Each structure stands twice: as structure tokens, then as C-alpha cells.
Amino acid sequence: MTFYPQGVEPGKPRLTERQVLQIASEFCTRLVQKTGASPEKYRLSAKKPEFEASNTFTPAKVALSAVFGPNWIVNLPNGEELRIQDSSGLVVWMRGEDRKYYSGTYLTPAKQKFLIDRVNKYKSVFWTGKDVFSTEHSIQGVRNTDNFGTKNITFSYIWERRFQGVPYINQDLNITVTTAGDLMGASLRGWTPEPKNRKPNISEQQAREIARKAATASYDLPDAPMTCSRKVVPKNRFWENKNEVDRASGNAFLAWVVEIPLEMQGRRQKRWATVGVDAESGEVIFGEVIGLR
């Protein structure tokens, strides 16, 4: 989800190389100060920052602009990499340790406490503003086996971004570490500004009726229950799946998000429409179809 100031096109960077290097330098300084990492390990390399605005990718290079929008790639001497979102100036992605030499299959309470402490330090490096994320930690272990048959394990910690208790749609902070507490990767996904509408004039029932009417204009709806919840969403006004970078520019909005089944398989949803209704004006501002065709 990318937001550009008036007069700036996606193919033309908003930030300058000097600004990008300043952001990266300040980020690395925070990382060293807050985690105790070696300053030599997190100094900037001599390679110039690279602006990536294309969504195309090859087997050798996967473009992340489809996730973060046009972004700057800043290299570190040890092979690690930062991605700085051009529209916001935030460090939204970091590639850390490639090695997975840490074995283990069980996370003890003491080890969990140690990892959470380490992850919170990494979190404070990525996000320095007021706490807009949930305080609950979601821990997901990922087991890997290398070419020698050695079993390794990493852990991902995910915080859902919220506004006054209301979750943003598809926005979170994800940090992956080894059992030794080394950073393997981190991302700040789906950044948008805070919502600019603050008056919830539309009731849940009104939102359901508005969403059903919008979906009925394009689809024959089965007789199945809808779900409805409050979320912060960007404005897009399209149905079929598209990349995040294709979303319409603009601020995020506090909305009622209604999920309407389009096709059912047994008792499970096979395909459904997600409709966002502006909680202040009642305008349909978000729509997408998810599931199998």
C-alpha cells in the first residue's frame, strides 16, 4: 500500500540517496544501541542505494515492491540488506543471518523468555513511535533441515497493528530469529497512515445492508451468513485480487469489513467477497474477492 504526495509518480523516487543513507544510518545506530550488536557488523557498505520501482522479478531476484511499493535497497557489508519504503521513509524489511546452525526442537519457558526479550529489542528498532501494535505475541516455530540432515529451528513473532484497539487489515510487524536470538529477517508489512475518519456514524446492521447491496450488484449471493467486524482499511474499489501496490492512493479509513460468501462447499466458504464500508459516511471504499474460482 503506497502513498505518494501530490505530483510524485511511482516511477520517480520521493527520497534522495542522501536521505536514504541517513535513514539507514540512523536505523543501524539504533540497532547497535538497543541490541548490543557489533557496530562493524551494521555499518553501511560502499555500494550505492538502489531504487526498485518495478514489480517484475526473475528466479535470481524477487522484487519486493509488490509488497512494499517502490523501495530503496541498502546493502550492509556482511550481506544483510535493508529495504526503505520510498513513500514513508520507513525501514520495512531487513534480511538478516543466512546461516541456520542452531539445532533444537523444544522451546522451554526460559528460552521463550530469552527470545521474547531479544525480539522486543528488534521490535523497538523497527518501530520507534507510540505503541500501535497488539501486545500479544504470536509465536510460530519453523523447522528446517539442511543438506547434512541437521534439524534447525527458527521462530517468528508477529504483532498485529491496531488503531485504538481496531486492527488494520493486513498490517503487522514480523520478526524471525534463531534459537540463539540472532535476527534472520524482519518486515513491517502494509504500512498506511492512521485513519482520518474518526466518527463511527454507521451501525453494524447498516454496514451489512450496504455491503450486501454492493455485492448483489455484481454477484448472485447464496443464502449464507455474513461476518462483520471493524477494521482500518485502505480505499481501493475493486473486486478481483490485485497486488498491494495496485491499491488506490489515499489515507486509510475506519470501516466495517463485511465478508459475504459467494460460493459454498459443504459448510466451508469456497469463495467470498470482502466489502469495506466507511464507518463515518457509509460509502463502500474497499472490495475484493478471495478464494477459488
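Owing to the predicted nature of the structure, the values given are computational and were not obtained by experimental measurement.
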Next on the checklist: R230 vs L254, test: side-chain contact (heavy atoms from CB on, under 4.5 Å). Steps then yes/no.
Outcome noted: CA-CA 7 Å; R230 282 204 306 168; L254 187 64; 3.9 Å; yes

Item to check | Verdict with supporting geometry, I23 and L15, side-chain contact (heavy atoms from CB on, under 4.5 Å) | outcome: CA-CA 10 Å; I23 292 169; L15 299 174; 4.2 Å; yes

Item to check | Chi angles and distances behind the side-chain contact (heavy atoms from CB on, under 4.5 Å) call for W256, R208 | outcome: CA-CA 8 Å; W256 288 103; R208 287 174 179 267; over 6 Å; no

Next on the checklist: Set out, in order, the CA-CA distance, both residues' side-chain angles and the distance that settles side-chain contact (heavy atoms from CB on, under 4.5 Å) for E52 and R83, then state yes or no.
Outcome noted: CA-CA 10 Å; E52 182 180 80; R83 298 266 179 160; 2.7 Å; yes

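Q33 pairs by the side chain to side chain donor-acceptor pair (under 3.5 Å) definition with nothing, not counting sequence neighbours. Residues that satisfy the side chain to side chain donor-acceptor pair (under 3.5 Å) test with N197, not counting sequence neighbours, are D278.
Between E80 and Y42 the shortest side-chain heavy-atom distance falls below 4.5 Å. By the 4.5 Å heavy-atom criterion applied to side chains, T35 and S124 are not counted as neighbours. With contacts defined as side-chain heavy-atom distances shorter than 4.5 Å, the pair R43/P77 qualifies. Side-chain contact between L221 and L262 is present, with at least one heavy-atom pair separated by less than 4.5 Å. Between D172 and R161 there is no side-chain heavy-atom pair separated by less than 4.5 Å.
Taking every heavy atom of both residues into account, L115 and V177 meet most closely at CD2-CG2, 4.2 Å. Taking each heavy atom of V277 and G282 in turn, the nearest pair found is CG1-O, 3.6 Å. In terms of heavy atoms, A24 sits closest to L44 at CB-CD2, 3.9 Å. The minimum heavy-atom distance between G181 and R118, with the atom names listed, is O-NE, 3.6 Å. For the pair A53 and P70, the tightest heavy-atom approach, listed with the atom from each and the gap, is CA-CB, 4.1 Å. Taking both residues in full, the closest heavy atoms of P222 and P261 are given as CD-O, 3.1 Å, listed atom of the first, atom of the second, then distance.
To the nearest 0.5 Å, atom CG of residue L173 and atom OG of residue S187 are 7.0 Å apart. For the atom pair E259 CD and M226 CE, the distance stands at 11.5 Å (nearest 0.5 Å). Expressed to the nearest 0.5 Å, how far OH of Y157 lies from CG of N120 amounts to 9.5 Å. In this structure, the separation between CD on E280 and CD1 on I202 is 9.0 Å, given to the nearest 0.5 Å. From F126, atom CZ reaches atom NZ of K34 across 13.5 Å, with rounding to the nearest 0.5 Å. In this structure, R198 CZ and F163 CZ are separated by 3.5 Å, a value rounded to the nearest 0.5 Å.
Of the options N71, V74, V92, a side chain to side chain contact (heavy atoms under 4.5 Å, CB included) to I84 is made by V74 and by none of the others.
The main-chain N or O of M184 is never found under 3.5 Å from a side-chain atom of T176 such that the two would form a donor-acceptor pair. Judged purely by atom type and a 3.5 angstrom limit, T29 uses its side chain to pair as donor or acceptor with the backbone of S25.
Heavy-atom contacts from other residues, nucleotides or ligands closer than 6.0 Å to CG of D220 number 12 or fewer.
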